[in-house]
Amino acid sequence: MTDQPTSLAGLDLREEIDRLRMERNAVILAHYYQKPELQDLADFVGDSLELSKKAAETDADVIAFCGVKFMADTAKILSPEKIVVLPDMEAGCSLEDSCPPEKFAAFRERHPDHIALTYINCSTEVKALSDVIVTSSSAETILSQIPEDQKIIFGPDRHLGGYLNRKFGRDMLLWPGVCIVHEAFSERELLKLKAEHPEAPIAAHPECPPHIIDHADYVGSTSGILNFAKTFPGDTLIVATEPHIIHQMEKALPEKIFLGAPGADGNCNCNICPYMALNNLEKLYLCLRDLEPRIEIEEGLRLKARASLDRMLEMAAGTIGKGDLGRV
Ligand code: 13P
Ligand code: SF4
């Protein structure tokens, strides 16, 4: 929109965002890995499954998605009549990048007797090539509904898939993708931190590699980890997932101590998701003002992707708020 001012100097961005939210009849959804200022002004903060449900249910005209692109794509797949904007279209995901649709299609063709159970952290094209989508909080419930003799391809996260294989004695064929954030946690640094706080349990996301999971007292989705933080009996918790989730923990339990698990040199920022970090207040304001950048999906592709997401929502019914994969 060319008639809009380009300088943001002097604007109270929070006030402007509130004004635009009303004017546009917009809902602001945010993932737990977003900057605290975005989490604080969102209408709803949640994990991937909860955010998908909110996107499917909302009666807003506009969804402003503070998260990464596959999450905003999911909102558009589920609510095609709505305008879905993402503050920064470059907010991708290493798991999505690891799984190009043409390679995934070829992999599926080489294994015609397998179904594809696919983590939601993938492109719309890969969703369209899949049978059922899972999130980390719905994977256990969904996998338990699939007969044990059914052969399964699980992609793109080999750590989540490996965790599920170990926990449920399954033999799913794993796509070799990883999350660059959870992959960066250092076992040596984690053990050093644990030695300093021997009484502190470790809560880990299942995207972590096995050498981190093996030390965890609790393994679960972001909402599962948050629930664990609210209920564990001690006063210090080590959190092995993206550290922006600690904002919600500190808000709910200001008297407790939450320590982010360290990356390779113990002091780097490699445990911060660089894609999630692209969103900020300025870009949220601009996307509400301009209704750009906007998610658009070709209808035939959307319908195919919708089928595998609908299967997830049906099979996951009843798991909202539980977010719990337990412990291997
Ligand atoms: P959750 O579904 O647990 O929120 O995970 C999303 C994600 O991208 C973790 O890296
Ligand atoms: Fe993707 Fe990892 Fe970032 Fe989650 S934390 S969005 S899996 S890169």
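FYI, the numbering just counts along the sequence from 1. Counting convention: from 1, in listed order, for ligands and their atoms alike.
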Side chains of Gln34 and His244 only: does a donor on one sit below 3.5 Å from an acceptor on the other?
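On atom types as modelled, these side chains do not qualify, holding no pair under 3.5 Å.
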
Report yes or no: do Glu242 and Asn271 form a side-chain donor-acceptor pair below 3.5 Å?
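Judged by distance alone, the side chains do not pair up.
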
Ligand 1 to [X] polar contact by distance, N or O atoms, under 3.5 Å:
| X | result |
| --- | --- |
| Thr135 | no |
| His205 | yes |
| Ser223 | no |

Identify, by atom number and element, the atoms of ligand 2 in contact range of Leu95, meaning under 4.0 Å from any of its heavy atoms.
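Per the distance check, 7 (S).
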
Decide, yes or no, whether a salt bridge links [X] with [Y] under the criterion of side-chain N to carboxylate O below 4.0 Å.
| X | Y | answer |
| --- | --- | --- |
| Asp73 | Lys76 | no |
| Arg108 | Asp131 | yes |
| Lys304 | Glu125 | no |
| Asp88 | Lys69 | no |

Side chain, backbone, both or neither: which applies to Glu96 and ligand 2 if a contact is any heavy-atom pair less than 4.0 Å apart?
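It is neither; nothing of Glu96 touches ligand 2.
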
List the closest protein heavy-atom neighbour of atom 3 (Fe) of ligand 2: residue, atom name, distance to the nearest 0.1 Å.
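Among all protein heavy atoms, the one nearest atom 3 (Fe) of ligand 2 is Cys273 SG, 2.4 Å.
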
Atom 6 (C) of ligand 1: nearest protein contact (heavy atom, Å):
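Looking at atom 6 (C) of ligand 1, the protein heavy atom closest to it is Ser48 OG, 3.3 Å.
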
Given [options], which one has a non-hydrogen atom that is nearest to [atom]?
| atom | options | value |
| --- | --- | --- |
| atom 8 (O) of ligand 1 | Ile245, Asn121, Val181 | Asn121 |
| atom 7 (S) of ligand 2 | Val181, Asn121, Asp97, Val68 | Asn121 |
| atom 7 (C) of ligand 1 | Met276, His182, Glu207 | Glu207 |

Between Tyr32 and ligand 1, find which residue part has any heavy-atom pair under 4.0 Å and reply side chain, backbone, both or neither.
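No part of Tyr32 is near ligand 1 at this cut-off.
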
Verify the distance test for Cys93 against atom 2 (Fe) of ligand 2: any N/O/S atom under 2.8 Å, yes or no.
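Given the 2.8 Å cut-off, Cys93 does not count as a ligand of atom 2 (Fe) of ligand 2.
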
Look at the rings of Tyr218 and Phe228 and say which category their plane angle falls in: under 30° parallel, 30 to 60° tilted, over 60° perpendicular.
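Answer is parallel, since the angle falls under 30°.
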
Please say whether the positively charged group of Lys256, taken as NZ for Lys or CZ for Arg, lies over the ring of Phe232, i.e. under 6.0 angstrom from the six-membered ring centre and within 45 degrees of the axis.
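Geometry flag: set, cation within 6.0 Å and 45°.
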
